[in-house]
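Values below: every heavy atom of this structure, side chains too, minus hydrogens, waters and symmetry copies. Since we're looking at a predicted model, the values are computed, not measured.
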There are 2 protein chains.
Amino acid sequence: MDNQLISFTEENYLKIIYLLTERHNGNEVSTNQLAEHTQTKAASVSDMLRKLAEKSYINYRKYQGVRLTEAGEQIALGVIRKHRLWEVFLVEKLGFGWDEIHDIAEQLEHIDSKELTKRLDDFLGNPQFDPHGDPIPDSKGKMPSVSYQKLSEISLNQSVVMMGVSVHSPAFLQHLDKQQITLGCDLKVLEISDFDKSYDLLLNDEIRLFVSNEVARNLLVQISST
Amino acid sequence: MDNQLISFTEENYLKIIYLLTERHNGNEVSTNQLAEHTQTKAASVSDMLRKLAEKSYINYRKYQGVRLTEAGEQIALGVIRKHRLWEVFLVEKLGFGWDEIHDIAEQLEHIDSKELTKRLDDFLGNPQFDPHGDPIPDSKGKMPSVSYQKLSEISLNQSVVMMGVSVHSPAFLQHLDKQQITLGCDLKVLEISDFDKSYDLLLNDEIRLFVSNEVARNLLVQISST
DNA sequence: ACAAAATTTTAGACTAATCTAAAAATATAT
DNA sequence: ATATATTTTTAGATTAGTCTAAAATTTTGT
């Protein structure tokens, strides 16, 4: 519609490169990591990287991993923007659970229409965060700044607000649902077990809750301002 | 998501075969017609028809044109259902004009998630017709029955309700917008010119309006019950 | 520091969807 | 009714994205 020059597949690679770079604090992404996340083999990734480098979407030195160029990053951010806006739509307007939306948004993120994205954004009230707490880039590709900490880095007796998750698997999200841990809820660290580093929490000043260290490492929180 | 077995492209062919068959009152669709509507060449269509026949989505005898099987029709109706539901969404929820939605719906119609379609349908209030007046098949593939006539078949002094269009080009739709002819409006045939068969109409019992025979042939109407 | 292990790239092949050019079948027109 | 025109199919290529197997490069462990 707005852009005939880049394929569905290329968009996907650029998106994944962006997200993995972010996860590695800006370090290069390796071929094998990409193969894992694109559900393909390393050989296929090598081919695609050659192609993306040719089109100047990435900086690529053989055997040395890969980084997005400014052009590549803008495309990645556009795809991520659409993905997260559609996730908001699916949850806020259609009533999906946060554990059900990823695969649908993976499809919707490639719908190509600037006008649609703009109107969807307005329809949703220009949200800054998606249902998992991930920031939504604006139409210029600017990310809302976030400063989350892992719950596993919070000290005893500290109260925090639940702001996001660093794992998006349905299993993890459903686990949180079962414990009534939702975006925006209040958590206070009552005790950290010496034995297994599991957390004893107070949820919303009411309910005692135990979560494993695995859970604590994947919950993103912010120190309460109150 | 729900169906790995059929490609985007195959879905498109089946949809187009359905719509052309309908337009030809159930007669076979020719290779050249398909080439025109798929924006490809006859040779490519021949290949695809062989493939679709192999998968039992169509009945195909070389040189004799093509017709959908029950299986093919169900797939076509599913795609058409999604296309028309998304069109309702774009107009009713996002405020698009009826002339702006076709190309976006062409993309959205291939999003594969039964649950999404179901929830979208509910969100929109289970509409029976899209913004062009076309009927929306239900989840079982059943089309709401319609009995429209062309305005060009209506006799003098008859009052009718505007129910749909048989051409969806932005130019035609914008032309109707300019004349304030909208779905559901009231039209009375005041005079038909002997010279060029153009129509002198009364719109909503208020406004005199002249439309060409070309327009009259592409407006679908129903005799007013009042 | 260098052999072994791991990773990455290249080579060659496959599939889906498309194309052009040529051959085959059908339709048409005097 | 038969020559001509039109339509459709086949043959042979092309491109995007993928694969396996083998070669090249980098990393790791002692």
Side-chain angles (χ1 to χ4, degrees), chain A residues 3-17 20-21 23-24 27-68 72 75-76 79 106-107 109-110 112, chain B residues 3-17 20-21 23-24 27-68 72 75-76 79 106-107 109-110 112:
Chain A
N3 195 337
Q4 275 66 7
L5 303 85
I6 185 156
S7 71
F8 188 103
T9 310
E10 290 169 330
E11 279 193 352
N12 253 324
Y13 272 89
L14 295 177
K15 174 192 67 176
I16 293 169
I17 293 167
L20 288 177
T21 305
R23 187 183 299 180
H24 304 358
N27 285 322
E28 285 88 358
V29 179
S30 76
T31 301
N32 262 357
Q33 282 164 358
L34 285 171
E36 195 181 316
H37 285 84
T38 53
Q39 318 257 56
T40 64
K41 296 301 157 71
S44 311
V45 173
S46 278
D47 277 353
M48 182 55 83
L49 293 183
R50 199 183 20 69
K51 189 171 149 196
L52 291 173
E54 217 159 77
K55 296 193 178 186
S56 298
Y57 292 135
I58 60 175
N59 289 125
Y60 173 48
R61 296 195 335 282
K62 280 184 196 173
Y63 296 100
Q64 305 305 301
V66 75
R67 205 185 279 271
L68 292 177
I75 289 172
V79 176
E106 287 286 296
Q107 299 180 63
E109 73 189 6
H110 300 290
D112 181 25
Chain B
N3 195 337
Q4 275 66 6
L5 302 84
I6 185 156
S7 72
F8 188 103
T9 310
E10 290 170 329
E11 279 192 352
N12 254 323
Y13 271 90
L14 295 176
K15 175 192 66 177
I16 293 168
I17 293 168
L20 288 177
T21 304
R23 188 184 299 180
H24 303 357
N27 286 321
E28 284 88 357
V29 179
S30 75
T31 301
N32 262 357
Q33 282 165 356
L34 285 171
E36 194 180 318
H37 286 82
T38 53
Q39 318 256 56
T40 63
K41 297 300 158 74
S44 312
V45 173
S46 278
D47 277 354
M48 182 55 84
L49 294 183
R50 199 184 17 72
K51 188 171 149 196
L52 291 173
E54 216 158 79
K55 296 192 178 185
S56 299
Y57 292 135
I58 61 175
N59 289 126
Y60 173 47
R61 295 194 337 280
K62 280 184 197 175
Y63 296 100
Q64 304 306 302
V66 75
R67 203 185 281 271
L68 292 177
I75 289 172
V79 175
E106 287 285 296
Q107 300 179 63
E109 73 189 6
H110 300 289
D112 181 26

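A heavy-atom distance below 4.5 Å is not found between the side chains of L52(B) and K55(B). For the pair I58(B) and R67(B), the minimum side-chain heavy-atom distance is 4.5 Å or more. Proximity of Y57(A) to I6(A): side-chain heavy atoms (C-beta onward) are separated by under 4.5 Å at one or more points. Side-chain contact check for K15(B) versus E109(B): some heavy-atom pair is nearer than 4.5 Å.
Atoms CD1 (I6(B)) and P (dA16(C)) sit 13 Å apart, rounded to a whole Å. E36(A) places its CD atom 15 Å from the C1' atom of dT8(C), with the value rounded to the nearest Å. In this structure, R61(B) atom CZ and dT9(D) atom P are separated by 12 Å, rounded to whole Å. Atom CG in L34(B) sits about 15 Å away from atom C1' in dT18(C), given to the nearest Å. Rounded to whole Å, atom C1' of dT10(D) lies 14 Å from atom CG of L49(B). Going from atom CD of Q33(B) over to atom C1' of dT6(D) covers 14 Å, rounded to whole Å. Residue R50(A) contributes atom CZ, which lies 12 Å from atom C1' of dA11(C) at whole-angstrom precision. We find that CD of E28(A) is positioned 15 Å from C1' of dT8(C), with the value rounded to whole Å.
OP1 or OP2 of dT9(D) sits under 4.0 Å from a side-chain N or O of T31(B). Residue N32(B) has no polar side-chain atom (N or O) positioned under 4.0 Å from OP1 or OP2 of dT6(D). Under 4.0 angstrom from either OP1 or OP2 of dT9(D) there lies at least one side-chain N or O belonging to Y60(B).
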Next on the checklist: V66(A) vs T21(A), test: side-chain contact (heavy atoms from CB on, under 4.5 Å). Steps then yes/no.
Outcome noted: CA-CA 9 Å; V66(A) 75; T21(A) 305; over 6 Å; no

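Every residue two or more places apart in sequence or in another chain that forms a side chain to side chain contact (heavy atoms under 4.5 Å, CB included) with H110(A) is listed here: F8(A), E11(A), N12(A), V79(A). Taking the side chain to side chain contact (heavy atoms under 4.5 Å, CB included) definition, one finds that T38(B) meets it with Y13(B), I16(B), T40(B), V45(B), sequence neighbours left out.
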Checklist entry - Tell me, for nucleotides 18-25 of chain D in 5' to 3' order, what letter each nucleotide earns: B for a base near a protein heavy atom under 4.0 Å, S for only sugar-phosphate near one, - for neither? => result BBBB--BS

